[in-house]
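Okay, so here's the structure we're looking at.
Order of the sequence lines sets the chain letters (A, B, ...), proteins ahead of strands, with each chain counted from 1.
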Number of protein chains: 4
Amino acid sequence: MSTTAVRPLRADAVRNRALIVDAARKLFAERGLDVTLHDVAEEAGVGVGTVYRRFPDKDALLAGLVTAKYETLVELAEQAAALPTGREGLRQYLLGAMQLRSSDRSLSTAVMRAAPQTAEALELRERLWALMGGVVARAQAEGAVRQGFTPDDVPAVSSMIGSIADRTRDEHPDAWRRYALLLVDAVCPPAGELPPLVGEPLAPPPAGCAVARP
Amino acid sequence: MSTTAVRPLRADAVRNRALIVDAARKLFAERGLDVTLHDVAEEAGVGVGTVYRRFPDKDALLAGLVTAKYETLVELAEQAAALPTGREGLRQYLLGAMQLRSSDRSLSTAVMRAAPQTAEALELRERLWALMGGVVARAQAEGAVRQGFTPDDVPAVSSMIGSIADRTRDEHPDAWRRYALLLVDAVCPPAGELPPLVGEPLAPPPAGCAVARP
Amino acid sequence: MSTTAVRPLRADAVRNRALIVDAARKLFAERGLDVTLHDVAEEAGVGVGTVYRRFPDKDALLAGLVTAKYETLVELAEQAAALPTGREGLRQYLLGAMQLRSSDRSLSTAVMRAAPQTAEALELRERLWALMGGVVARAQAEGAVRQGFTPDDVPAVSSMIGSIADRTRDEHPDAWRRYALLLVDAVCPPAGELPPLVGEPLAPPPAGCAVARP
Amino acid sequence: MSTTAVRPLRADAVRNRALIVDAARKLFAERGLDVTLHDVAEEAGVGVGTVYRRFPDKDALLAGLVTAKYETLVELAEQAAALPTGREGLRQYLLGAMQLRSSDRSLSTAVMRAAPQTAEALELRERLWALMGGVVARAQAEGAVRQGFTPDDVPAVSSMIGSIADRTRDEHPDAWRRYALLLVDAVCPPAGELPPLVGEPLAPPPAGCAVARP
DNA sequence: CATGAATGAGCGTTCATTCAT
DNA sequence: AATGAATGAACGCTCATTCAT
């Protein structure tokens, strides 16, 4: 029936995948892990079936986001590596990674828990490791890092802002900074005197406020 | 024990309530916030209706657990307050609170996010605040605390071990300690020289491993 | 074991039964058939178990209310029988019975559907039949009744106000009268000229208002 | 039928929607408002999810049936308007509407209690009103109607057969006619002499029979 | 390939009914 | 006899996943 029909390119498939990832990123960031795949599909402007064609299940989609996340982190690491000192590089990278987490409700838990599922993500992770390994090594040489700290600690420490960020994102979107700096200073103190903590401590939730839905 | 007053009625009800709370505590700790009340009922060996008789809804059950959690934290704070120095007290309390979190998947997010729903919980929280306020003040007087740190920061800092603990609970149940000490040292460094980090850094998840279910 | 124990009297049992029936009558009238037996028990100030001791199940309780209803209807019929003409008697009784229905959300459907379950109720029903049989016969002799109308039609006709009453009870508690008189006039027209319908017609429900829950 | 426009997609969806509506109509008619959507789904031979895909909730399904009901009533009104006299038209319409109610357990309460939820239903209701307004006006001009009767009374009067119909549907499916005619004669008496009531009066329920479930 | 209709297990919750106290 | 704690089937509804179109 389709004699002259040109073979449909991968082009649109690739485009659809990007649409889905973008939509998922947006929705997961805004509303956390409990967005439905119908929501994602609708936001992306495709059918649910298309989402399932690209990602075997919801977890795979989540894992797909990790790739996107790694890309941003690699950029961040490249900027960090370009800074004059290891100290500054490490501090900038950690704060940047935490800022990313603080603006993304789902990935603060999901990214670090999931393994890279694709060769691409794995490659990105290794590139990230190489970049930050260099930065950490330089900082160590400068005597700027807590003893025993290794490049493998970088993602772990970054993830620790998650619980604070999740709690405060909606009401005090900058509250995470106080604790982020506390952590960064613990890993790699600033050059001079250790300054007082910035910002305000997190007020306890008022009596009677509801448990946030998962 | 209380004179001759008979309270014939509640014997089994009290026992069942305890069974439910125990079951809930266990399951929430193991599997996080998304256990169903059917699961809780089954684990407790009662019908769902019984769970609903004791707790109007799921949030109320969670709130009940929060109360129990606060009781433990108050005990911990009392022990901390009894230590000779504020420094030791603060360090012991923070590490103890983090240890509790590290063994409880749900409460690491729920406790700090939820308000105390009951007068009892509120009272416990205030008592906790008073105890730790004293400890922090003593530690400040000793010059042992990071400048700007306040008692309100205590729960926030405690919660920060959550993301690490959730990631490692099943495979490396002690991995949280490395990062817990990093945090505690940041808030309130030990008396002498700052030692190297303890333990091993968190290895990145191997390629291809699945995203853990929420 | 209970040698000297006095046999517990029926006295309180009888009182409890009355409490239950009163509570049930009140709640069913106000809120229809979907009150729970816990509500009834609470309103009556007894335990649920006590309700079940007196009435094997919810339907039996409903049937129990029929007895109470019949008592009121018998009184009404006695007053009707005392009126000078059969016409007046029949009209007064029908209007009175309809008024009862109009103030009782549940019984408008339940009473006429349920059979008398107790000897007492059966006796009351027969007494009612006898009284109204006399009234109808007198009215027939006066030529005041639609031909073919029999005493057996009395409860049927009375029940017909139910659908109107249920629809209007909350908003226009007197709206039923218009249609009650229409029916009564159809069965037994007033002495003189047939007057116009009284009151206002029932406005149709406004667009968009919800279906009332059953 | 509509030119050559192909609408390839909905073939099965349309069929399923029809299956659902048919099943719902049947079950609601037989058993009243408290059929579950699982029942409807099973009767229709589809999954529950499919029902919820077509109708956001139970009320919406009910509203869908109301639309179908209005369609029938409009047809009935059109036939009534075509009759030579207003008297005949009004009588035929009222009897027809009552007959519909007598064969449908749920709609006797639902249709008249619910507002039209859709623009379609609203339009149908208005069309119905216009048609019957004309019929009533003609009948009034003929002097055939009870004074004060208005088109707004038409649905109210129609609904009054509900309580009788619900009681008798299963055992004496024609018992409603006696009371329907009583009502219709009250609104709009037949041309000649008022005949005796047709049929038999409703026998009281035998002692001991159970209350029918709601 | 893309679509979105269909599926059904599972959720939180209710309530008529039973039974240990 | 009275109580109310316990039960569990059933409800309305959701959503990850499959599959006919």
Exercise for the section: Look at the side chain of His38(D) and decide which nucleotide, out of dA16(E), dA6(F), dG12(F), has an atom nearest to it. Expected result: dG12(F)

Problem - Lys/Arg N to Asp/Glu carboxylate O, Arg31(D) vs Asp34(D), below 4.0 Å - result: no

Fill in the blank from the handout: Atom CG of Leu19(D) and atom P of dA5(E) are separated, to the nearest Å, by 16 Å

Problem - Whole-Å gap separating P (dT21(F)) and CZ (Arg15(D)) - result: 9 Å

Fill in the blank from the handout: Residue pair Leu37(B)/Asn16(A) against DNA chain E: nearer the 5' end by closest nucleotide is Asn16(A)

Exercise for the section: Could you check which nucleotide pairs with dA10(F) in any of the strands shown, counting Watson-Crick or G-U wobble with both distances under 3.5 Å? Expected result: dT13(E)

Problem - Lys/Arg-Asp/Glu bridge criterion (N-O < 4.0 Å) met for Arg25(B), Asp22(B) - result: yes

Handout entry: Separation of atom CG in Asp34(D) from atom P in dA9(F), rounded to whole Å
Key = 20 Å

Completion exercise
Regarding the side chain of Ala13(B), the nearest nucleotide among dC13(F), dG12(E), dA5(F) is dA5(F)

Handout entry: Among dT17(F), dT7(E), dA6(F), the one nearest Thr50(D) by side-chain distance
Key = dT7(E)

Practice task
Identify whether any heavy atom of Thr36(B) sits under 4.0 Å from a base atom; if not, whether one sits that close to sugar-phosphate; answer base, sugar-phosphate or nothing.
Solution key: sugar-phosphate

Practice task
Would you kindly give the CD-to-C1' distance between Glu42(C) and dA2(F), to the nearest whole Å?
Solution key: 17 Å

Exercise for the section: Can you tell me the distance, in whole Å, between the CD1 atom of Ile20(B) and the P atom of dA6(F)? Expected result: 7 Å

Exercise for the section: Flag the pair Lys69(B) and Asp104(B) as a salt bridge only when some basic side-chain nitrogen lies within less than 4.0 angstrom of an acidic carboxylate oxygen. Expected result: yes

Completion exercise
Contacts of Tyr52(D) and Val14(B) projected onto DNA chain F by closest heavy atom; the upstream (5') one is Val14(B)

Problem - Side-chain (Lys58(D)) to main-chain (Leu33(D)) donor-acceptor, under 3.5 angstrom - result: yes

Problem - Atom-to-atom span, CG of Asp12(C) to C1' of dT3(F) - whole angstrom - result: 13 Å

Problem - Short side-chain N/O contact from Arg53(A) to OP1 or OP2 of dC1(E), under 4.0 Å - result: no

Handout entry: DNA chain F: 5'-proximal contact among Lys58(A) and Val46(B) (nearest heavy atom)
Key = Val46(B)

Practice task
Report, as yes or no, whether the 6.0 Å neighbourhood of atom CD on Glu42(B) holds more than 12 heavy atoms from other residues, nucleotides or ligands.
Solution key: no

Exercise for the section: Send over the distance from Asp57(D) CG to dC15(F) C1', rounded to a whole Å. Expected result: 17 Å

Fill in the blank from the handout: The answer to which of Gly49(D) and Pro56(B) contacts DNA chain E further toward the 5' end, by nearest nucleotide, is Gly49(D)

Completion exercise
For dA20(E), the nucleotide meeting Watson-Crick or G-U wobble distances (both under 3.5 Å) is dT3(F)

Practice task
Quick one: look up who dC15(F) pairs with, Watson-Crick or G-U, both distances under 3.5 Å, and put none if it's unpaired.
Solution key: dG8(E)

Exercise for the section: Classify the nucleic acid contact of Arg54(D) as base, sugar-phosphate or nothing, counting any heavy atom under 4.0 Å across all strands shown. Expected result: sugar-phosphate

Exercise for the section: Supply the atom-to-atom distance Lys26(D) NZ to Asp39(D) CG, rounded to the nearest 0.5 angstrom. Expected result: 11.5 Å

Handout entry: Nearest-Å distance for atom pair CZ/C1', residues Phe55(D) and dA6(E)
Key = 15 Å

